[in-house]
Protein chains: 2
Amino acid sequence: MVQKNKQPPSAAKPQAAKAAAPAEPKRRGRPRAYEPDVALGRALELFRRDGFAATSLDDLSAATGMNRPSLYGAFGDKRALYIKSYQRYRDEARAAMIEIFRAEAPLRDRLARIYAIALDIYLSGASGPRGCFTVMTAASEAVSDPDIRAMVLEGLTEMDKAFSTCFRLAKERGELPEGADPIALAQLASATIHTIAIRARAHVPRKELEAIVQGAIDVMCGPK
Amino acid sequence: MVQKNKQPPSAAKPQAAKAAAPAEPKRRGRPRAYEPDVALGRALELFRRDGFAATSLDDLSAATGMNRPSLYGAFGDKRALYIKSYQRYRDEARAAMIEIFRAEAPLRDRLARIYAIALDIYLSGASGPRGCFTVMTAASEAVSDPDIRAMVLEGLTEMDKAFSTCFRLAKERGELPEGADPIALAQLASATIHTIAIRARAHVPRKELEAIVQGAIDVMCGPK
DNA sequence: ATTTTTTTGTACCATTTCGCATTAAATTCC
DNA sequence: GGAATTTAATGCGAAATGGTACAAAAAAAT
C-alpha cells in the first residue's frame with residue numbers, strides 16, 4: 001500500500017502551505033508513506049469521474065495508495081474528503097484562469113483563451129473527458145447539502161463576476177457597442193462554459209465544442 | 001405495500017400506449033397492485049433528485065409502493081429502470097415544449113414561453129428544485145455508459161435543432177438581422193437552458209433565473 | 001536501549017445493497 | 001369447485017460499504 005508514481009522529488013512542490021515552511025521541521029513519529037497533495041489529487045480525479053455516491057472508500061484507498069484509516073485520519077470522512085477535493089479543484093481552475101482574466105488583451109482574444117483553457121480542463125482525463133466538477137457532481141449534491149451548495153453558488157458567481165468585469169472593461173475601451181449589457185453578456189459567457197462542460201461529458205468532440213465557443217464569442221462580441 | 005395517492009381513476013390516463021388499447025383485455029392471474037405509469041413517475045422523481053448511485057432499490061421500492069421483486073419484474077434491474085425513467089422524462093419535457101416551438105408567435109414571445117416552462121420544470125419539486133435530468137444525472141452517467149450517453153447526445157441535439165429552426169424561421173420573417181447565425185444562436189439558447197438548470201439546482205431564486213433568461217433573450221434577439 | 005509519538009496495515013463490525021428463490025394470494029379459465 | 005396463471009410478500013444470501021479498533025512498525029527524544 002504505497003503511493004505509486006510519486007512525483008520526482010524535486011518537481012512540483014505543492015507551494016500551497018504557509019509560504020515559508022522550509023524543510024520538514026523533523027516530525028516525530030513514523031513518517032507518512034504518502035504525499036497528502038498527490039493523494040488529494042487522486043481523490044479529486046475519482047470524485048470527478050464517478051461522483052460522490054459512486055466513489056467508494058475502497059476506490060479512494062486504491063487510487064491514493066493510502067489505506068482507509070490513513071485516509072480517514074488525513075482528510076476526515078468521505079464527505080470531508082469530497083469537499084476538500086472540490087476546494088482543490090476550484091483552486092486549480094481559478095489559478096489556471098485568473099491571469100488571462102487580468103491580462104491586457106482584446107476581448108475576443110481573452111475569451112478565446114479562457115474557453116481554450118476550459119476545454120483543456122474538461123476534455124483531459126485518462127478514462128474519458130472529465131467535465132467540470134461544479135457542473136457534474138457538486139451541483140447534484142448541492143440540492144441536499146447546504147455546505148456544498150454554498151461552494152457551488154460561490155463558484156458560479158465568481159465566474160459571473162470575472163466575465164462581467166471582462167465585458168465592462170471592454171465596453172469602456174470601446175470594444176462593445178453602447179447598448180451592451182456587461183452583466184447579461186457575462187451570464188451568457190458562463191452559460192457557454194456550462195454548456196461545453198455538459199457536452200464534453202457526452203463525448204462531443206473538441207472540434208464541435210470549439211465551434212460552439214466560436215459562435216458564442218461572435219454573438220457576444222458582435223460582428224467583427 | 002400499496003401505491004398510495006393513486007391518481008383519481010378518471011384523470012390522467014397515460015395516453016402513451018398503442019393509441020387504441022381500449023379497456024383491459026382481461027388479464028389472467030392476480031391483478032397488479034400498482035399502476036406502472038405512476039410507479040415510473042415516482043422512480044423518475046427519485047433518480048432525478050439523488051442520481052443513479054445514491055438511489056437504492058429500497059428507496060425506489062418505498063416510493064413506488066412496489067416491493068423489489070415486483071419492481072424487478074416490471075422494469076428490469078436498476079439500470080433499466082433508470083433508463084426508462086430518463087426516457088419518460090424526455091418524453092414529458094418534449095411534450096411540454098413542442099407546441100410552443102411550433103406555435104406562430106414572435107421570436108421573443110416564443111423564447112420567453114420556452115424558458116418559462118423550463119423554469120417550471122427545473123424549480124418544482126417537494127424537496128427542493130429538481131433541475132434537469134439530462135444535465136444533473138444523465139450527463140454524469142454518460143461518461144461511462146454508452147447507452148445513456150447516446151440518449152444524452154440525442155437530447156442535446158434535439159434541443160439545439162428545435163431552437164435552430166426557431167431562429168431560422170424568425171430570420172426568414174425578418175425578426176433578426178441579416179448577419180444572424182441561427183445555429184450559433186440556437187446553441188446559446190441551449191446554453192441558457194443548461195445554465196438555469198445548474199443554477200436552479202444551487203437554489204438560485206426564480207427571480208434571478210428570470211433575469212438571466214431576459215438578459216439572454218435580449219442579447220440573442222438584439223435590441224428591441 | 002528504552003520510551004514516546006505518529007503512522008501503517010490488518011481485521012473486524014454493523015449496515016446497506018442488489019438480486020433472487022420461495023411461498024402465499026388473487027384472479028381467470030375449465 | 002379446481003387447475004392454471006399471474007402477481008405480491010417475505011425473506012434469504014452474498015457482496016459491498018462506511019467506519020473503526022488494535023497491534024505492529026518506524027521514526028525521534030530521552
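Lettering follows sequence order; numbering is per chain, from 1.
- Residues that satisfy the ring pair (Phe, Tyr, Trp, His ring centres under 6.0 Å) test with A:Tyr72, not counting sequence neighbours, are absent from this structure.
- A salt bridge is defined here as a Lys NZ or Arg NE, NH1 or NH2 lying under 4.0 Å from an Asp or Glu carboxylate O, and A:Arg94 with A:Asp91 meets this definition.
- Distances shorter than 4.0 Å separate some side-chain N or O of B:Asn67 from OP1 or OP2 on D:dA9.
- For A:Phe133 and A:Tyr122, the gap between ring centers reaches or exceeds 6.0 Å.
- Rounded to whole angstrom, the span from the CG atom of B:Leu60 across to the P atom of C:dC18 amounts to 8 Å.
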Might you list the N or O atoms of the protein lying below 3.5 Å from N or O atoms in nucleotides 17-21 of chain D, with each pair's distance?
{"unit_1": "D:dG18", "atom_1": "OP1", "unit_2": "A:Lys78", "atom_2": "NZ", "d": "2.5"}
{"unit_1": "D:dG18", "atom_1": "OP2", "unit_2": "A:Leu57", "atom_2": "N", "d": "2.6"}
{"unit_1": "D:dG19", "atom_1": "OP2", "unit_2": "A:Lys78", "atom_2": "N", "d": "3.4"}
{"unit_1": "D:dG19", "atom_1": "N7", "unit_2": "A:Arg68", "atom_2": "NE", "d": "3.1"}
{"unit_1": "D:dG19", "atom_1": "O6", "unit_2": "A:Arg68", "atom_2": "NH2", "d": "2.3"}
{"unit_1": "D:dT20", "atom_1": "OP2", "unit_2": "A:Tyr72", "atom_2": "OH", "d": "2.5"}

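- Under a 4.0 Å N-O distance rule, the pair A:Arg206/A:Glu210 qualifies as a salt bridge.
- Taking 4.0 angstrom as the limit, A:Arg30 places none of its side-chain polar atoms (N or O) nearer than this to OP1 or OP2 of D:dA25.
- Atom CZ of A:Arg28 is separated from atom P of C:dT3 by 14 Å (rounded to the nearest Å).
- Taking only side-chain atoms of A:Tyr34, from C-beta outward, the nucleotide of D:dT5, C:dA26, C:dT7 with the closest atom is C:dT7.
- Residue pairs satisfying the salt bridge (charged side-chain N to carboxylate O under 4.0 Å, His left out) criterion with at least one member in residues 146-155 of chain B, sequence neighbours excluded, are listed as follows: B:Arg79-B:Asp147, B:Arg90-B:Glu154.
- When the side chain to side chain contact (heavy atoms under 4.5 Å, CB included) test is applied to B:Met136, the partners found at least two apart in sequence or on another chain are A:Ala139, A:Ser140, B:Arg201.
- End-to-end axis angle for the helix from C:dA1-D:dT30 to C:dC30-D:dG1, using five pairs per end and rounding to 10°, comes out at 10°.
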Could you walk me through whether A:Arg49 and A:Asp59 satisfy the salt bridge (charged side-chain N to carboxylate O under 4.0 Å, His left out) test, starting with their C-alpha distance in whole Å, then the side-chain angles of each, then the deciding distance to 0.1 Å, before giving a yes or no? CA-CA 12 Å; A:Arg49 193 186 62 199; A:Asp59 297 336; over 6 Å; no
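- Applying the salt bridge (charged side-chain N to carboxylate O under 4.0 Å, His left out) test to every pair with at least one member in residues 185-198 of chain B, sequence neighbours left out, gives no pairs at all.
- At whole-Å resolution of the value, CE in A:Met66 and P in C:dG9 are 10 Å apart.
- Rounded to a whole Å, the CG atom of B:Leu71 is 14 Å from the C1' atom of D:dA9.
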